[in-house]
> 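The structure's right below; bear with me while I get my questions together.
Both ligands and their constituent atoms are indexed starting at 1 by order of listing.
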Amino acid sequence: MGNQCLFWYRVKRKNTNCAHNISVFDQGIGFKNQWYCKELKKVSKYVIPMPVPSSYNDITQNATIRDYVGWVWYERTFFVPARWRGEQRVFLRFGSANYETVVWINGVKVTNHSGGYLPFVAEVTKQLSYGSENKVTVALNNTLTPLTIPQGRIVFPNNTDRYPPGYFIQEYNFDFTNYAGIHRPVYLYTTPRSYIDDVTVTTETSEDNYFGTIRYSILCQGCSKDAMLYTDLLDEDGANVASNFGPKNKISFKRPKLWWPNLMHERPGYLYTLKIHLKDGDVEDFYRLKIGVRSLSWNSSGIFINHQKVYFQGFGKHEDFLIKGRGVDYSLIVKDFNLINWLGANSFRTSHYPYAEEIMDFADKNGIMVIDEIPGVGLDHFGADLLKNHLEAMKELIHRDKNRPSVVMWSIGNEPQSQKPEAAPYYSQVVNFTKLLDPTRPVTLVLSRGYFEDKAAPFLDVICFNRYYSWYSDTGHLELIQQQLLNEARNWHNKFRKPVMMTEYGAGSIAGFHSDPPVVWTEDYQTALMKEYFKGFDILRKEGFFIGEMIWNFADFGTPQESFRPTACMKGLFTRDRKPKMAAYTMRKRYAELCEMTGCESACPSNL
Ligand code: GCB
């Protein structure tokens with residue numbers, strides 16, 4: 001099955017004037033009537049073509065589909081060649097689908113998954129018909145509840161004067177559109193009977209970076225005890241650098257070509273290939289994994305890569321674009337990395353959920369450091385059931401991204417109600433669990449409550465905080481930014497003795513709006529505000545504990561309709577369709593100057 005395939009898609013019920021007066025209680029109809037055993041177009045006339053990968057929200061002219069909450073059904077047929085029968089195993093893999101997914105092959109349930117942003121896979125060897133047509137059916141539900149990650153709730157207003165019976169709304173604690181659909185590629189792939197299922201790699205370098213060490217551990221499925229594993233390390237030209245064997249071992253070698261972040265070296269993002277060869281009787285399997293050799297460490301005032309202190313200059317992003325919503329778009333990925341380079345950034349945060357693997361591959365290759373965040377955004381209560389789902393999401397994320405050199409920090413969430421006493425045991429458990437799975441990376445949680453009330457900071461390695469001085473507070477008063485920024489950043493550090501970075505600051509601007517002196521929503525105000533922050537950042541950086549600045553946001557992005565949002569969140573350096581605002585030029589200049597101050601001079605844009 002190709003990855004740009006066309007699914008047939010059906011919403012449970014056709015258009016009513018408002019999406020929200022569909023009752024949530026009769027949404028089991030597709031399950032009750034076993035739609036997975038039928039052809040969708042035979043059970044309903046409301047079947048429309050729907051691309052995959054894509055969000056379904058903005059594909060049609062129908063506001064009901066845009067705002068739909070509940071189960072939708074996808075199906076498509078595909079041909080499996082006869083030569084696939086027999087000696088191999090076949091798997092079906094979804095890059096992601098938001099949020100609850102159930103999958104059938106030829107009417108037989110093969111898997112279900114909760115969570116909107118991480119992959120899931122099912123073995124389908126036995127369910128497929130070889131040498132003939134097959135059918136995959138997917139039921140997908142985007143409803144967010146107090147137990148999903150992220151949280152949401154379905155609210156039934158009880159004012160019958162204002163709302164019809166059964167009317168409900170989906171609420172959630174974040175401002176980006178909760179796009180729904182099969183967002184990432186769907187693949188059918190094969191493996192031999194016994195195969196290499198997983199590899200875990202960690203790397204380190206000696207103090208002087210003269211020696212590099214790669215430790216690996218290989219998980220083999222279906223292998224006999226006589227199975228042999230051979231590992232070769234290949235450089236970017238395919239030349240063999242070193243070899244070893246066995247399921248768990250290390251490779252040490254001299255003069256490694258290190259993985260450096262952009263701006264810290266003239267050749268950032270160097271990747272080796274770890275080529276693993278399994279030989280189990282007459283069965284052979286090969287697995288090629290791109291790896292970067294780097295060391296990563298941290299202390300109370302900084303993060304160090306290859307023993308050099310890092311200063312983050314980047315932004316928060318979103319997976320967001322016109323028409324496709326959150327669907328993977330290869331052209332957009334390459335465009336965004338061109339813009340990241342043009343800006344002279346060295347990092348971004350995957351606000352507020354894990355991004356597609358295709359994006360992460362580019363970050364690895366381009367030396368862009370990533371703060372890898374799970375969708376724990378805006379959590380406002382902290383029970384055991386939620387914790388279970390939170391840990392599961394963490395586990396899936398680390399499983400997916402553990403070998404990526406670009407991932408330099410795990411973020412276990414964004415802006416929770418961390419002043420609540422229950423936040424302390426909750427986040428202490430999430431941090432402990434994360435460290436158990438991966439002790440090699442620092443852990444953060446992006447905070448928005450005050451340093452004086454926050455209960456989660458003691459467990460974190462790095463304090464990341466978001467603040468909108470002179471935008472959400474003291475609107476229009478640019479003259480207050482420096483004082484407020486300096487006080488708050490210093491207080492975080494003085495109280496917790498950890499490195500501090502600002503992961504969100506910014507202002508909305510409507511491209512083309514200007515005024516002098518600046519007023520809010522103009523491009524002039526957005527840039528004037530940024531320049532005030534820059535002054536504060538420069539002072540803080542010299543104090544030693546302040547390790548980075550990430551503006552909100554890389555580009556404007558889609559939000560639910562709100563009277564204070566002029567069609568989207570407008571805090572982007574770029575418009576939603578990637579046209580630079582004044583702020584993009586201001587940032588480009590800032591990042592070039594910062595590189596001269598903190599980066600490797602010969603790697604700065606002006607010297608390349
Ligand atoms: C925040 C959130 C981010 C929002 C931003 C805003 O603090 O973390 O998701 O988009 O504010 O623009 O309000």
Side-chain angles (χ1 to χ4, degrees), residues 116-117 144 149-152 171-179 312 314-321 325-326 348-355 371-380 409 411-419 423 444-451 453-454 456 460 463-475 481 484-485 488-489 492 500-511 520-523 525-526 529-530 533 548-576 581 583 587:
Y117 302 92
L144 297 180
I149 302 278
Q151 289 174 317
E171 285 185 349
Y172 37 84
N173 309 344
F174 49 87
D175 70 349
F176 52 93
T177 306
N178 185 34
Y179 276 117
F312 292 85
F315 24 75
K317 277 185 106 266
H318 264 297
E319 287 184 310
D320 173 276
F321 203 59
R326 199 147 286 134
F348 63 81
R349 173 169 64 116
T350 69
S351 39
H352 294 303
Y353 40 78
Y355 291 177
I371 302 177
D372 207 359
E373 184 162 289
I374 62 157
V377 44
L379 300 189
D380 60 8
M409 182 146 60
S411 165
I412 58 175
N414 179 74
E415 298 193 356
Q417 295 302 316
S418 56
Q419 81 289 6
T444 192
L445 168 68
V446 174
L447 304 170
S448 62
R449 305 298 307 200
Y451 64 91
E453 58 179 351
D454 178 87
L460 309 175
I463 306 285
C464 290
F465 77 107
N466 298 343
R467 209 57 87 208
Y468 289 89
Y469 312 118
S470 186
W471 179 256
Y472 287 130
S473 58
D474 301 305
T475 313
I481 290 175
Q484 296 183 356
L485 169 63
E488 201 166 2
W492 279 112
V500 174
M501 82 187 262
M502 179 146 244
T503 30
E504 283 183 31
Y505 68 99
S509 72
I510 301 176
V520 288
W521 293 111
T522 61
E523 295 196 47
Y525 189 86
Q526 187 184 27
L529 175 141
M530 287 160 65
Y533 273 85
E549 48 193 91
M550 290 190 163
I551 196 165
W552 191 255
N553 189 287
F554 176 76
D556 296 345
F557 60 87
T559 60
Q561 299 183 66
E562 277 164 323
S563 49
F564 63 94
R565 302 252 186 229
T567 73
C569 178
M570 312 304 272
K571 295 191 182 75
L573 301 172
F574 299 95
T575 59
R576 233 183 144 187
K581 298 187 199 170
M587 192 51 99

> Please determine if Glu373 and Arg349 form a salt bridge, counting it only when a charged side-chain N lies under 4.0 Å from a carboxylate O.
yes
> Looking at Asn466, which atoms of ligand 1 are within less than 4.0 Å of one of its heavy atoms?
8 (O)
> With a 4.0 Å cut-off on heavy atoms, does Phe557 reach ligand 1?
yes
> Looking at Cys464 and Met409, what are the two nearest heavy atoms and their distance?
SG-CE, 4.3 Å
> Looking only at non-hydrogen atoms, which of Glu504, Arg349, Met570, Arg565 approaches atom 3 (C) of ligand 1 most closely?
Glu504
> Considering only non-hydrogen protein atoms, determine which one is nearest to atom 4 (C) of ligand 1 and report residue, atom name and distance to 0.1 Å.
Asp175 OD2, 3.2 Å
> Looking only at protein heavy atoms, which one is nearest to atom 13 (O) of ligand 1, and what is the separation?
Tyr472 OH, 2.4 Å
> Which is it for Phe176 and ligand 1 at heavy atoms under 4.0 Å: side chain, backbone, both or neither?
neither
> Give a yes or no on whether the backbone of Glu549 and the side-chain of Tyr533 come within a donor-acceptor separation of less than 3.5 Å.
no
> For ring-ring contact (aromatic ring centres under 6.0 Å, His included), just list the numbers for His318 and Tyr353, CA-CA rounded to whole Å, side-chain angles, deciding distance to a tenth of an Å, and then say yes or no.
CA-CA 9 Å; His318 264 297; Tyr353 40 78; 5.6 Å; yes
> Run the numbers for me: atoms of ligand 1, each under 4.0 Å from some heavy atom of His352, listed by number.
3 (C), 8 (O), 9 (O)
> Is it true that Phe174 lies under 4.0 Å from ligand 1, counting heavy atoms only?
no
> If we only count heavy atoms from C-beta on, is the Asp320 to Thr177 side-chain gap below 4.5 Å?
no
> Phe554 and ring pair (Phe, Tyr, Trp, His ring centres under 6.0 Å): which single residue from Phe574, Tyr355, Phe348 fits?
Phe574
> Note the single closest protein heavy atom to atom 7 (O) of ligand 1, along with its residue, its atom name and the distance in Å.
Glu415 OE2, 2.4 Å
> Do His352 and Phe174 make the cut of ring centroids closer than 6.0 angstrom?
no
> Mark yes or no for whether Ser411, through its side chain, and Leu445, through its backbone, hold a donor-acceptor pair below 3.5 Å.
no
> Just to verify, which of Glu523, Lys581, Lys571 counts as forming a side-chain hydrogen bond (donor to acceptor under 3.5 Å, both in side chains) with Ser509?
Lys581
> Does ligand 1 have any atom sitting under 4.0 Å from a heavy atom of Ser448?
no
> Is the contact between Asn414 and ligand 1 made by the side chain, the backbone, both, or neither, using heavy atoms and a 4.0 Å cut-off?
side chain
> Against heavy atoms of Lys571, which atoms of ligand 1 measure under 4.0 Å?
6 (C), 12 (O), 13 (O)
> Please identify which atoms of ligand 1 are closer than 4.0 Å to at least one heavy atom of Cys569.
12 (O)
